[in-house]
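Counting from 1, the numbers follow the sequence of the chain as shown.
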Amino acid sequence: MKASTILFTFALGAQSATSFTTTLNCKPKAAISSTARSMGLFDFFTDDARKERDERKQREIEEQERLQREIIARRSNPAKMEEYEAKVRVRRQLRMNGQDDAADSLDMYSGEDEKIVGLN
């Protein structure tokens with residue numbers, strides 16, 4: 001019993017002693033010398049990040065304006081309003097049948113950019 005405990009302790013000690021040695025398969029990594037470092041939270045304040053945020057915000061505003069023009073054109077054109085109401089009925093029926101994925105994939109807007117006199 002004592003001999004097995006001593007052997008076990010010796011084996012455990014030998015294994016942990018090898019964990020502090022270097023291995024022969026290690027290859028030195030090439031040094032990368034770059035002054036640009038990612039700062040995480042502080043990247044928010046860089047010029048590139050500011051430009052990217054401004055461009056994204058401008059794209060979002062343009063998309064919202066395009067959708068608003070389509071809504072205004074639909075309200076002034078009875079045929080477009082009928083088409084929209086038919087799409088709404090189909091979407092509602094799909095939701096009532098439990099087909100939420102199909103209802104979400106239904107395109108409610110045509111994607112055409114409407115020209116409205118006085119707003120463009």
Side-chain angles (χ1 to χ4, degrees):
M1 175 83 170
K2 282 187 174 183
S4 63
T5 307
I6 293 171
L7 286 175
F8 179 72
T9 307
F10 181 72
L12 187 62
Q15 182 182 7
S16 64
T18 60
S19 64
F20 295 107
T21 61
T22 60
T23 59
L24 299 175
N25 296 349
C26 292
K27 296 179 182 176
K29 295 182 179 180
I32 299 173
S33 63
S34 174
T35 58
R37 295 287 179 206
S38 175
M39 298 297 287
L41 178 64
F42 297 110
D43 285 341
F44 183 79
F45 300 107
T46 64
D47 290 334
D48 292 336
R50 186 175 298 117
K51 287 178 186 176
E52 194 271 329
R53 279 194 315 274
D54 291 342
E55 289 172 359
R56 185 177 19 164
K57 186 176 181 180
Q58 187 61 33
R59 283 191 308 266
E60 184 177 337
I61 289 171
E62 289 170 358
E63 175 69 13
Q64 290 173 355
E65 288 175 348
R66 184 188 66 79
L67 293 174
Q68 185 65 35
R69 286 191 299 270
E70 189 171 335
I71 291 169
I72 291 170
R74 183 174 55 227
R75 288 179 180 169
S76 64
N77 187 344
K80 286 185 179 183
M81 193 62 177
E82 280 295 321
E83 179 185 345
Y84 172 75
E85 289 173 351
K87 287 180 180 180
V88 169
R89 283 192 297 273
V90 169
R91 186 181 64 189
R92 286 179 182 161
Q93 190 62 39
L94 287 171
R95 290 222 187 266
M96 290 178 71
N97 292 337
Q99 300 173 346
D100 291 334
D101 293 335
D104 289 337
S105 67
L106 187 65
D107 189 23
M108 299 301 292
Y109 295 95
S110 66
E112 299 172 1
D113 194 9
E114 301 288 336
K115 299 294 180 189
I116 300 173
V117 177
L119 293 178
N120 293 340

Asker: Would you be so kind as to tabulate the donor-acceptor pairs closer than 3.5 Å made by side chains of residues 98-106, with sequence neighbours excluded?
Answerer:
| from | atom 1 | to | atom 2 | distance (Å) |
| --- | --- | --- | --- | --- |
| D100 | OD1 | R95 | NH1 | 3.4 |
| D104 | OD1 | R95 | NH1 | 3.4 |
| D104 | OD1 | R95 | NH2 | 2.5 |
| S105 | OG | D101 | O | 3.4 |
| S105 | OG | A102 | O | 2.8 |

Asker: Go through the steps for E62 and R59 under the test salt bridge (charged side-chain N to carboxylate O under 4.0 Å, His left out), then give the verdict.
Answerer: CA-CA 5 Å; E62 289 170 358; R59 283 191 308 266; over 6 Å; no
Asker: Please check if the side chain of N97 supplies one atom and the backbone of Q93 the other of a donor-acceptor pair under 3.5 Å.
Answerer: yes
Asker: Could you measure the distance from the CZ atom of R91 to the OH atom of Y84? Nearest 0.5 Å is fine.
Answerer: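 R91 CZ to Y84 OH: 6.0 Å, rounded to 0.5 Å.
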Asker: In plain terms, say whether E83 and K87 are close enough for a salt bridge, that is, a side-chain N and a carboxylate O under 4.0 Å apart.
Answerer: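 Looking at K87 together with E83, the answer is yes, because their closest N to O distance falls below 4.0 Å.
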Asker: Surrounding CZ of R92 (heavy atoms of other residues, nucleotides or ligands, distance under 6.0 Å), is the total greater than 12?
Answerer: no
Asker: Using a strict cut-off of less than 4.0 Å between a Lys/Arg side-chain nitrogen and an Asp/Glu carboxylate oxygen, indicate whether K51 and E55 qualify as a salt bridge.
Answerer: no
Asker: Does CZ belonging to R53 count more than 12 external heavy atoms closer than 6.0 Å?
Answerer: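 Count over threshold, so yes.
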Asker: Using the test side chain to side chain donor-acceptor pair (under 3.5 Å), find all partners of R56 that sit at least two apart in sequence or belong to another chain.
Answerer: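 Only E52 meet the side chain to side chain donor-acceptor pair (under 3.5 Å) criterion with R56.
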Asker: For the pair K57 and E60, find out whether any cationic side-chain nitrogen is under 4.0 Å from an anionic carboxylate oxygen.
Answerer: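 Salt bridge: no.
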Asker: Measuring from atom CE of M81 to atom CD1 of I71, what distance do you get when rounded to the nearest 0.5 angstrom?
Answerer: 10.0 Å
Asker: For the side-chain contact (heavy atoms from CB on, under 4.5 Å) test, which of Q68, E70, R69 pairs with I72?
Answerer: Q68
